[in-house]
Structures are given as structure tokens and as C-alpha cells.
Amino acid sequence: MRPLHLFIETSRPSLPTVSSAHCRALKSSLIADTYTSNNFIHRYLKCSHFSDALKVFDEMPRRDSASWNTVISGYVNADDPSNAWGVVKSMKRLGFPLDAYTFGSVLKGIASGGSVVCGQQLHSDIVKLGFTDNVYSASALVDMYAKFFMVEEADRVFGNMKHRNSVSWNALIGAYVGFGDLRSCIELFVSMEREGVRGDGGTFAPLLTLLVEVDDDYQLMRQFHGKITKNGLEYENTVLNATIVAYADCGCIRDSKKVFDGSNGYRDIVTWNSMIAAYLERDLERDAFDTFVEMIRRKIDTDAYTYSSILSSALVGDARNPRLGASLHGLVMKMGYEKVTPIANAMMSMYVKSDGDDYMVDALRVFRYTPSKDHISWNTILNGLSQNGLSEEALKLFHQMHNDHVPIDQFAFSAALKSCSDLATLHLGKQIHALALQSGLQEKEYVASALIFMYSKCGIVEDSCKSFEESRKLSSVTWNSIIFAYAQHGQGKTALNFFTLMMDEQVSPDHITFVAVTNACSHAGLVDDGLKYLKSMKTMYSIEPRPENYACTIDLLGRAGDLNRAKEVIKEMPFKPDAMVLKTLLASCRSCGDIESAMEVGNQLLELDPGDHCIYVILSDMYGNLKRWDERAVMKRLMKNEGIKKVPGLSWIEVKNKVHGFNADDRSHPQSTDIHEALRGLLFEIRVSDDEMGISFDDQDLTL
DNA sequence: GTAGGGTTAG
């Protein structure tokens with residue numbers, strides 16, 4: 001993907017300057033001179049005037065290899081490797097010898113977006129023409145293989161080099177950076193120093209991108225930082241910028257900020273963007289935004305990177321700035337960026353994430369007006385539809401992606417499968433599963449997780465288990481899903497067995513694992529185990545319980561009828577109960593039939609979230625059950641006065657590829673009469689068979 | 001006229 005060069009400003013010589021110099025040269029007939037002509041070709045190419053450059057080239061009486069090489073590097077620098085390759089082919093056809101300059105330039109082009117077959121042809125030319133010992137040609141070859149992830153070839157070329165400089169080493173290290181293989185990179189770095197080649201910016205900057213928040217990467221980062229300082233590279237922009245991001249990546253944003261604060265006078269635009277990226281890596285949206293505001297205040301140029309970061313982390317409105325989305329969208333338009341794909345994608349992401357008014361409409365509008373959509377544009381919208389419960393639209397879009405040959409990756413599959421789960425449409429879910437199998441993506445964790453969830457939701461936990469077995473089980477993602485699946489199906493013991501297995505396999509649990517585990521305990525009635533697991537989070541696994549962990553535990557106690565212990569759990573929480581925790585407690589009050597406690601919790605909840613319909617619904621329902629009609633009427637009136645409507649529950653059924661939705665008491669379906677007729681028949685049969693089996697059914701439960 | 005390196009979007 002390379003849309004960025006379209007709007008990155010580079011300082012270019014202006015065309016008029018070049019052409020007037022060219023005219024003067026023509027008049028004084030200097031143009032016959034090969035050296036002067038080469039110079040004009042170069043100057044025309046620098047200001048992207050290919051036609052003029054080629055005209056000079058075509059009209060030259062005598063071309064030398066520099067003339068050819070200048071044109072080739074012109075195409076390479078303009079990100080046009082296919083034309084560069086075309087020129088090389090003409091050169092060969094006309095019998096001009098390729099030289100080290102040719103190989104250096106054209107291999108760079110192929111590495112950045114050409115075909116590896118061309119690269120291999122050039123490799124054999126290099127061998128035939130005896131350029132294997134030329135450090136430029138060989139290093140470019142190493143880099144080319146590295147960019148195509150062909151480590152063995154890169155290794156072999158590198159191993160045969162007589163003389164190697166830092167560029168050669170960096171190209172080889174780059175091959176391992178491409179695989180995220182930090183250990184090999186470090187080994188190479190050590191060998192490099194042992195051979196007496198000092199690490200430079202090209203060594204450290206890419207190395208630092210591999211550091212993540214595990215084990216002792218932070219200590220490693222400090223060592224690298226020491227080396228960087230020793231080699232005098234700490235203010236070299238590529239290294240400085242990579243340092244800022246690397247500290248954030250291995251968990252220490254304070255060090256990022258320290259480096260940034262100490263870099264005044266050395267910063268470029270990427271330094272600022274890196275600080276913003278560093279904050280966002282640690283979910284510090286506010287700090288990121290403040291950095292952005294500081295950029296604007298100091299009149300520092302912003303670019304596409306700045307806006308895509310800021311947009312994707314922003315919500316349309318927040319307490320500090322309710323019109324934030326509109327302002328950012330306006331700024332983007334003012335900069336002329338709105339049709340730039342990464343920016344449009346980030347804008348869609350902002351609208352998709354903002355809940356409240358229907359921002360999905362705005363996201364779709366941006367999508368529609370984005371001229372060149374990439375697979376991220378499609379995925380952002382697909383994910384938005386899926387997350388916002390617009391499942392049918394999501395599946396339609398997925399279908400369109402499939403027809404339009406948009407590449408479907410794991411993100412697309414998991415979003416589409418989530419929508420299948422929400423609709424409980426097994427038929428479509430299976431079709432999408434088949435597609436995932438074709439592309440081999442079923443083993444990716446998020447796809448597997450979505451499959452597990454889909455089959456569980458459609459009632460086939462055995463197929464959840466199959467999908468689990470087919471997945472890579474490296475992180476908690478798929479484990480959590482399978483534990484949830486069995487818990488959802490009331491097989492708490494099996495779910496807990498998976499947890500034990502997960503521990504045996506030494507997969508680190510996260511707070512979601514414990515939500516799943518507590519859920520399993522809840523469904524198996526294992527109250528004491530559930531409480532034990534909550535305690536073990538901190539004591540055994542050093543995971544700080546979050547509100548959802550407490551909410552699950554409260555649910556567990558509530559279902560077991562132990563409201564008092566549920567209240568105790570809330571008292572022991574290290575933070576104030578949020579709406580989710582209180583709602584769970586309110587539901588527990590209902591299942592225990594404790595109206596006094598329910599009123600107390602209800603009042604607390606009304607302070608937190610007065611617009612929530614379920615508080616009113618639960619309370620009025622409880623009053624109704626206790627036949628306290630007056631109080632129930634008061635609740636109903638309150639609801640009416642506050643303008644709160646009960647959000648009706650919906651059911652779906654899928655028939656012949658079409659999803660039909662139903663409300664309670666819903667007669668709007670065109671075949672409503674037939675449907676009810678069929679249901680009455682079914683009910684009758686159930687009643688007959690129940691009578692035969694001696695089960696008495698309360699008609700009330702089955703009223704349609 | 002030649003080779004390597006940092007920041008963005010799901």
C-alpha cells in the first residue's frame with residue numbers, strides 16, 4: 001500500500017528553473033555533451049517531468065550507462081518499479097552492459113513493489129557479470145530477498161560477500177525483523193559489532209520496533225538505549241523516533257515522554273507523530289490529543305499520520321468537547337485529506353466507535369465517498385455494522401466483499417461470524433466457516449473464537465469444540481471462548497476442565513478468562529469455587545479484578561440466592577460500583593425477591609444512569625409480582641414522565657436464507673396468520689405428549 | 001547515476 005507519497009511534500013526544483021536552464025543549454029548546443037544531458041535528465045526526473053526527461057534521453061546522440069541508470073533510478077524513486085524494469089530490459093536488448101549502479105537502483109525498486117522473478121533474473125546477471133563482490137549490488141540483493149521474506153537466500157548472498165558494511169548487515173537484520181525474530185536480530189547485531197562494524201541508525205531503528213511488553217524487553221530496551229547514546233545516535237531522527245515508540249511498546253510511557261521532552265530542537269514531524277502513537281499504544285487518548293493540540297499551537301506541520309492517529313482514537317463527542325468529531329472532520333477537509341484512504345478509514349473508525357446518535361450513517365457516508373477503498377475501509381465498515389447490531393447489513397456487506405473480490409482476512413471473518421452469532425443463523429455461519437477453511441484462516445485466533453461463539457450460540461457446542469481443536473491455542477483468546485461456550489450450555493464442569501487444561505499448557509489467563517470461569521461456576525452452582533477463583537486472580541496470577549469480574553461473582557451469588565454475600569462482595573471492591581455491577585445486583589434482588597434491597601439499589605442506579613429502562617422494568621415487575629399495584633403504577637408513571645421506553649426483546653428465525661425478526665405480540669409478518677396457526681398445532685402436540693408423560697404445563701408460559 | 005532505517009487506519 002502506498003498512497004502516502006501522494007501528499008507528502010518534498011522539496012523539488014521547480015520545472016520553470018529546469019526548463020529555462022535547458023533552453024539556454026540547447027541554444028549554446030551544450031546538449032550534445034552526454035554529461036550535460038544526463039544532468040538534465042536527472043533534473044527533469046527530480047521534478048517528476050518524465051516526458052521531458054525521456055525526450056532528452058531519446059534525442060541524445062550518445063548515451064552512456066549513466067544515462068540509462070539515471071532514468072532507471074528516476075522510475076524507482078517515483079515508485080514505478082515496472083517501468084524501471086522495462087528500461088533494464090531495453091538496456092539488455094540493446095547490448096548496454098548493466099553495472100553496479102543499475103543493479104543497486106532496480107533492485108531497490110523491485111524490493112519495494114516488484115516481482116521476485118525479476119529479482120532472481122537480476123541475481124543471475126549479477127553472478128554472470130561478476131558483481132557478487134560489489135557491496136552495493138550484493139547489499140541491494142540481500143535487501144530484496146529480505147523484503148520478499150526469503151531469509152535463506154538473503155543469508156546465502158550475505159554469506160558469500162567478501163566485504164560487508166553496515167548497510168549489508170542492516171539489510172540482513174531487516175530480513176529477521178520482517179519475521180519479528182528478535183533473538184536472531186540480536187545475535188546478528190553482536191556478530192556485526194564483533195566484525196568491527198558499528199551499528200548506525202539503520203541498525204537500531206528497525207530493531208527497536210520488535211520490542212513488546214513481555215519478560216525483559218524493557219531491560220533490553222535500556223541496553224539498546226545505552227548503546228544508541230554511546231554511538232552518538234540518540235538525536236538522529238529515525239532512532240529518536242523509534243526510541244519513543246519502543247519505550248511505550250515495552251510498557252514505559254514515562255521513558256517515552258522523557259526522551260521526547262529531551263529532544264527539543266531535534267524533532268521532526270515524525271517525532272511528534274511518534275509521541276502521539278506512543279500515548280495511543282498505552283490507551284492515553286487524552287495525552288495524545290493534548291500533544292496534537294500542542295502541535296497546532298506551535299504551528300508545527302501536521303500530516304496524514306497525525307490525523308489518522310488522532311481520528312481513530314477520537315469519539316465524535318466527549319465531555320471536554322462535544323463537537324470534537326465535527327471539528328476534526330472539518331480540519332481534515334481543510335487540509336484536503338478527506339479522500340486519502342488511511343484518513344478516511346480513521347474517520348470511519350471514529351464514527352463507528354462513537355455510540356449515541358446514529359453515527360453509523362456518517363461512517364457509511366465517508367465510506368461511500370472514499371474513491372479508492374482498501375480492505376481496511378471495508379473491514380472498518382463491516383466491523384461497525386456488526387458491532388452496532390446491524391447484523392443483516394453486515395452480512396450483506398460481507399457478501400458484496402466476497403463478490404467484489406475484496407481480500408477477506410481474519411478481521412472480516414470474525415466480524416461476519418459475530419453477526420451470524422447475533423442472528424443465530426447457523427446456515428450462513430456454516431457457509432462462512434467453509435470460506436474460512438478455504439483460506440486457511442480458521443486457525444487464526446479471532447476467527448476460531450468467533451466460530452466457537454457462533455456454534456455455541458446456534459446450540460451446537462460440539463462444533464464449538466471442533467473449531468477450538470482446529471485453532472492455534474497460543475493465547476487466551478480461543479481458550480476463553482471455549483470456556484464461555486460450555487458455560488453457556490450449562491456444562492460448567494467441562495468448562496472448568498478446559499481452564500485446568502489451559503493452565504497445564506501454560507497459557508496465561510487474563511481477566512476475561514476469569515469472567516468465563518466464574519460464569520461456568522455460576523451455571524454449575526459451584527459458589528465456593530467461584531469465590532476462590534476471584535481471589536486467585538490476584539494472589540496466583542497477579543491480575544487485578546475488574547468490575548466485570550465482580551459483576552460475575554455477584555451474579556453467581558445472586559443465582560445461588562445468597563444476596564447477603566453478594567452485597568459483601570460489593571463492599572470489598574476496591575472501586576465504587578459502576579452501573580453494570582449494580583444492575584447485576586438488582587437482578588439478584590429480583591431473583592431473591594428482596595424488594596427492599598431492590599429499591600435501594602434501584603435508587604443508586606437511577607443516580608448513575610437515569611435513562612436506563614431496565615431499572616424501571618425490573619422494579620415495576622417486582623411490585624407486580626408482590627401485587628403492590630399502587631407502587632407499580634408509580635414506576636410506570638415515572639417511566640412515562642421521564643420519556644423512557646422499554647426496549648422490546650426481539651427473536652429471529654432464519655428460513656431459506658432470509659432472516660425474519662419478531663417482537664412479542666408481533667403480527668406484522670405477512671405470513672403471521674399461517675405462523676400462528678402452525679404454532680397452535682405445535683402447542684397442541686406438546687400438550688398431548690406432556691399429558692402422556694404426566695407433565696403438567698402452565699398455559700401461561702406458552703401463550704403466544 | 002547505486003544499497004539499509006522511524007510515525008497512521010480494523
Side-chain angles (χ1 to χ4, degrees), chain A residues 1 3-4 35 38-39 41-42 45 64-74 76-77 99-109 111 131 134-144 146-147 165-175 177 199-209 233 236-246 268-278 280-281 303-313 340-350 352-353 374-384 386-387 409-412 414-415 446:
Chain A
M1 221 163 309
L4 280 177
Y35 176 82
N38 288 349
N39 189 284
I41 296 173
H42 178 71
L45 287 172
D64 60 7
S65 54
S67 322
W68 290 93
N69 291 334
T70 307
V71 175
I72 293 167
S73 72
V76 169
N77 291 331
D99 64 11
Y101 288 92
T102 323
F103 292 124
S105 298
V106 72
L107 281 169
K108 175 184 174 179
F131 283 96
N134 177 278
V135 72
Y136 282 94
S137 303
S139 302
L141 205 49
V142 173
D143 180 57
M144 189 272 298
K147 295 276 157 63
N165 62 15
S166 69
V167 178
S168 332
W169 280 98
N170 295 347
L172 184 65
I173 293 175
V177 171
D200 58 16
T203 320
F204 289 106
L207 264 183
L208 297 189
T209 64
L233 299 166
E236 197 170 289
N237 279 123
T238 54
V239 182
L240 165 68
N241 304 340
T243 306
I244 291 169
V245 176
D268 64 5
I269 191 167
V270 183
T271 316
W272 286 87
N273 290 345
S274 300
M275 192 62 233
I276 291 175
L280 293 179
E281 172 63 32
D303 68 3
Y305 285 100
T306 325
Y307 284 94
S308 44
S309 299
I310 289 301
L311 281 165
S312 64
S313 67
V340 175
T341 307
I343 302 259
N345 292 347
M347 251 188 324
M348 290 178 224
S349 157
M350 171 182 79
V352 157
K353 273 201 316 251
D374 61 11
H375 74 288
I376 296 183
S377 323
W378 287 88
N379 281 355
T380 307
I381 289 297
L382 177 66
N383 201 39
S386 172
Q387 296 286 339
D409 63 8
Q410 69 256 44
F411 296 101
S414 70
Y446 283 93

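Letters A, B, ... are given to chains in the order of the sequence lines, protein chains preceding strands, and every chain is numbered from 1. Please read these numbers as outputs of a predicted model, since none were measured by experiment.
In this structure, the nucleotide among dA3(B), dT2(B), dT7(B) sitting nearest to the side chain of N273(A) is dT7(B). Side-chain atoms of E236(A) lie closest to dG5(B) of the nucleotides dT2(B), dG4(B), dG5(B). Comparing dG4(B), dT2(B), dT8(B) against the side chain of S73(A) picks out dT2(B) as the nearest. For N170(A), taking side-chain heavy atoms from C-beta onward, the closest of the listed nucleotides dA9(B), dG4(B), dA3(B) is dG4(B). Comparing dT8(B), dG5(B), dT7(B) against the side chain of P206(A) picks out dG5(B) as the nearest.
In this structure, CZ of F131(A) is placed 14 Å from C1' of dA3(B), rounded to the nearest angstrom. I310(A) has its CD1 atom 12 Å from the C1' atom of dT7(B), to the nearest Å. Taking atom CG of residue L107(A) and atom C1' of nucleotide dG4(B), one finds them 13 Å apart after rounding to whole Å. Nucleotide dA9(B) holds its C1' atom 12 Å from the CG atom of N383(A), rounded to whole Å. N237(A) places its CG atom 13 Å from the P atom of dT7(B), with the value rounded to the nearest Å. With rounding to whole Å, D99(A) atom CG is found 13 Å from dA3(B) atom P. Atom NZ of K108(A) and atom P of dG5(B) are 9 Å apart (whole Å). The distance from atom CD1 of I343(A) to atom P of dT8(B) is 13 Å, rounded to the nearest whole Å.
In this structure, the aromatic ring of Y305(A) is not positioned over the six-membered ring of the base of dT8(B) within 5.5 Å between centres and 30° between planes. Between Y101(A) and dG1(B), a base-stacking contact is recorded: ring centres under 5.5 Å apart, planes less than 30° from parallel.
Listed by chain and residue number, F57(A), F96(A) satisfy the ring-ring contact (aromatic ring centres under 6.0 Å, His included) test with W68(A) (two or more places apart in sequence, or in another chain). The salt bridge (Lys or Arg N to Asp or Glu O under 4.0 Å) check on K353(A) picks up nothing, with sequence neighbours excluded.
Between the side chains of S386(A) and N383(A), no donor-acceptor pair is found at a separation under 3.5 Å. A donor-acceptor contact closer than 3.5 angstrom links the side chains of S166(A) and D200(A).
A heavy-atom distance below 4.5 Å is found between the side chains of I381(A) and M348(A).
Residue K147(A) is classed as a sugar-phosphate contact, given heavy-atom separations below 4.0 Å to backbone atoms only.
Side chain N165(A) to base dA3(B): a donor-acceptor pair is found below 3.5 Å. Donor-acceptor pairing under 3.5 Å, judged by distance alone, is present between the side chain of T238(A) and the base of dG5(B). Judged by atom type and distance alone, S309(A) does not reach the base of dT8(B) through any side-chain donor-acceptor pair under 3.5 Å.
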